[in-house]
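So the structure is just underneath, and the comments pick up after that.
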Amino acid sequence: MTPAYGCTELHEDAVELALGILGGRSRAEALAHLDRCPDCRALVNEYADAVDVVVSATPTARPPRGFARRAVRRLARASARAPRPRRARVLAAAALVALGLTLVVELPSSPHGTPQVPAALSAPGVHVARLAPTASGPTSSEQLGGVVFVHNTAPAWVFMTVSGDEDSSRYACQLVRADGTTVSAGSVAMHHGAGTWRWDVPAGASPITAVNVLGKDGAVLARATLG
Amino acid sequence: MDVRRSRRPEDALSDEALLASLGVGDQQAAAAFVRRFQHAVYGLAFTIVGDAALAEDVAQEAFARAWRHAEAFDGRRGSVKGWLLVITRNLAIDALRLHRPAPADPDAVIALLGAGTASGAGPDERAVQNEQQRSLRRALEQLTLPQRRAVVLSVFGGRSASEIAESEGIPLGTAKTRIRDGLLRLRGLVAAEVRRP
């Protein structure tokens, strides 16, 4: 009878598992053991951390000329061939929203050439929409862009990244509800042409259909319309 | 000329935000993501496979994998760069096994880690001279020779303990011990090198 795979065997295999070089049956047994043994998980994590430290210290090297262009083109081709599942996009957006409180986020100031963020993603959990200048609002020196994420938890909250040409300024924000009413929602401060903004939406209120960014005169400079 | 305009806004995103933007399909974020990590990713790929064309293929695929699995990244478990380099290492080792079944010569890999100019590389592939490069080389030099060979073969060659035991002519248990002790010691040495003034 084959002896059961336990902590002793795992200790023998732990470093190879962390290195990704443990193969076949041993790997399967090791992974099954880790599912039920937190101490051994900690040991493997320690080795994995060591691998990360060593690998991260590997010298950098300048890739061949045009590498970045070719890599991005390959990403675009892969994207066209196999669109990421909608759920993945929503989760990724949710990740950005979750990070929003602690990050300084900048996005391109011009909407031109940045059409890849979907105009709106209607899915449970997170809505994503691009912030774009309104036709009547901005002058060329006030072109604003960005992305708005609406997190439909209870209470719902909105996170927005804004970029523009102004080094430092402050723009008022406004929520537009489905019933047509608008609500003042603080302001976004810009630093070096970028800013982030977060706003909690009171529970039970009419759903948000758009987020406006206003100029000093109250004109709508940019709007993100949620689908 | 307004110098400030030459700076791309997305380059100011944190690594995590950039990855999340990549996840929602922003092409400018994709370009910024590649720009930010291309030297690290290509450097690791080249160190492992030792061939410029193959390294480029591996590095490009690493970025494609990162895009496909961006939603799987868990910031609590490590950095974006670390995660991306794990992807790169796995791909490079797969490519290495496919294209060069025989174990890499650990001395050649060590030479690459510290040479500054990757052997056979053209100007564009020349390794960037930096402190990081010297740090890993110095740390490796502090391991015993048997430990150094075992660590390099396993970490950068993707060789299992049994393969190392065979190629080095040592018992399996000895190979495992050399990998384990060498790796943990190397981690400490690298960390100490990074902290050096």
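Lettering of chains follows the sequences in order, A, B, ..., and the numbering in each one begins at 1. Bear in mind the structure is a predicted one, so any value in this text is a computation, not a measurement.
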> Is the shortest side-chain N to carboxylate O distance from A:Arg70 to B:Glu56 below 4.0 Å?
Replying inline: yes
> Checking side-chain contact (heavy atoms from CB on, under 4.5 Å) for the pair A:Asp13/B:Lys176: CA distance, chi angles, key distance, verdict?
Replying inline: CA-CA 8 Å; A:Asp13 291 337; B:Lys176 289 188 176 191; 3.2 Å; yes
>> Apply side-chain contact (heavy atoms from CB on, under 4.5 Å) to residues B:Phe33 and A:Val72 and explain how you reach the verdict.
In response: CA-CA 9 Å; B:Phe33 190 75; A:Val72 171; over 6 Å; no
>> Looking at every heavy atom in both A:Val15 and B:Arg180, which two are closest together, and how far apart are they?
In response: CG2-CA, 4.1 Å
> Is the shortest heavy-atom distance from the side chain of B:Leu44 to the side chain of A:Val55 under 4.5 Å?
Replying inline: yes
> Heavy-atom count around B:Glu141 CD within 6.0 Å, excluding the residue itself: above 12?
Replying inline: yes
> Checking heavy atoms, do the side chain of A:Arg69, its backbone, both or neither come under 4.5 Å from chain B?
Replying inline: neither
>> For a 4.5 angstrom cut-off between non-hydrogen side-chain atoms, does A:Phe67 reach B:Gln60?
In response: yes
> Closest approach of B:Leu136 and A:Pro59, non-hydrogen atoms and distance?
Replying inline: CD2-CD, 4.2 Å
> What distance do A:Arg27 atom CZ and B:Ser160 atom OG have between them, rounded to the nearest 0.5 Å?
Replying inline: 13.0 Å
>> So which atom in A:Ala50 and which in B:Leu183 form the shortest heavy-atom distance, rounded to 0.1 Å?
In response: CB-CG, 3.8 Å
> Between B:Arg89 and A:Asp52, is there a side-chain N and carboxylate O pair less than 4.0 Å apart?
Replying inline: no
> Any idea which heavy atoms bring A:Leu75 and B:Trp67 closest together, and the distance?
Replying inline: CD2-CB, 3.5 Å
> Considering all heavy atoms of both residues, which atom of B:Val190 and which atom of A:Ala57 are nearest to each other, and what is their separation?
Replying inline: CG1-CB, 3.7 Å
> Looking only at heavy atoms, which two atoms of A:Ser56 and B:Gly82 are closest? And how far apart?
Replying inline: OG-CA, 4.3 Å
>> Does any backbone or side-chain atom of B:Asp57 lie under 4.5 Å from a heavy atom of chain A? Answer side chain, backbone, both or neither.
In response: both
> Would you say the side chain of B:Phe156 lies within less than 4.5 Å of the side chain of A:Val54, judging by non-hydrogen atoms?
Replying inline: yes
> For chain B, which residues from residues 34-46 of chain A lie under 4.5 Å away (heavy-atom distances)?
Replying inline: A:Glu46
>> Rounded to the nearest 0.5 Å, what separates atom CD1 in B:Ile93 from atom CG in A:Leu19?
In response: 8.0 Å
> Just by modelled atom types, is the A:Pro63 backbone N or O under 3.5 Å from a matching donor or acceptor in the B:Gln38 side chain?
Replying inline: no
> Under a 4.5 Å heavy-atom cut-off, does chain A meet the side chain of B:Val155, its backbone, both or neither?
Replying inline: both
> Do B:Arg159 and A:Ile21 have side-chain heavy atoms sitting under 4.5 Å apart?
Replying inline: no
> Which value, rounded to the nearest 0.5 Å, describes the distance between A:Arg74 atom CZ and B:Glu61 atom CD?
Replying inline: 5.0 Å
> Among B:Ala62, B:Ser79, B:Ala161, B:Ala64, who wins on heavy-atom pairs under 4.5 Å with chain A?
Replying inline: B:Ala161
> In terms of heavy-atom proximity below 4.5 Å to chain A, should B:Thr47 be classed as side chain, backbone, both, or neither?
Replying inline: side chain
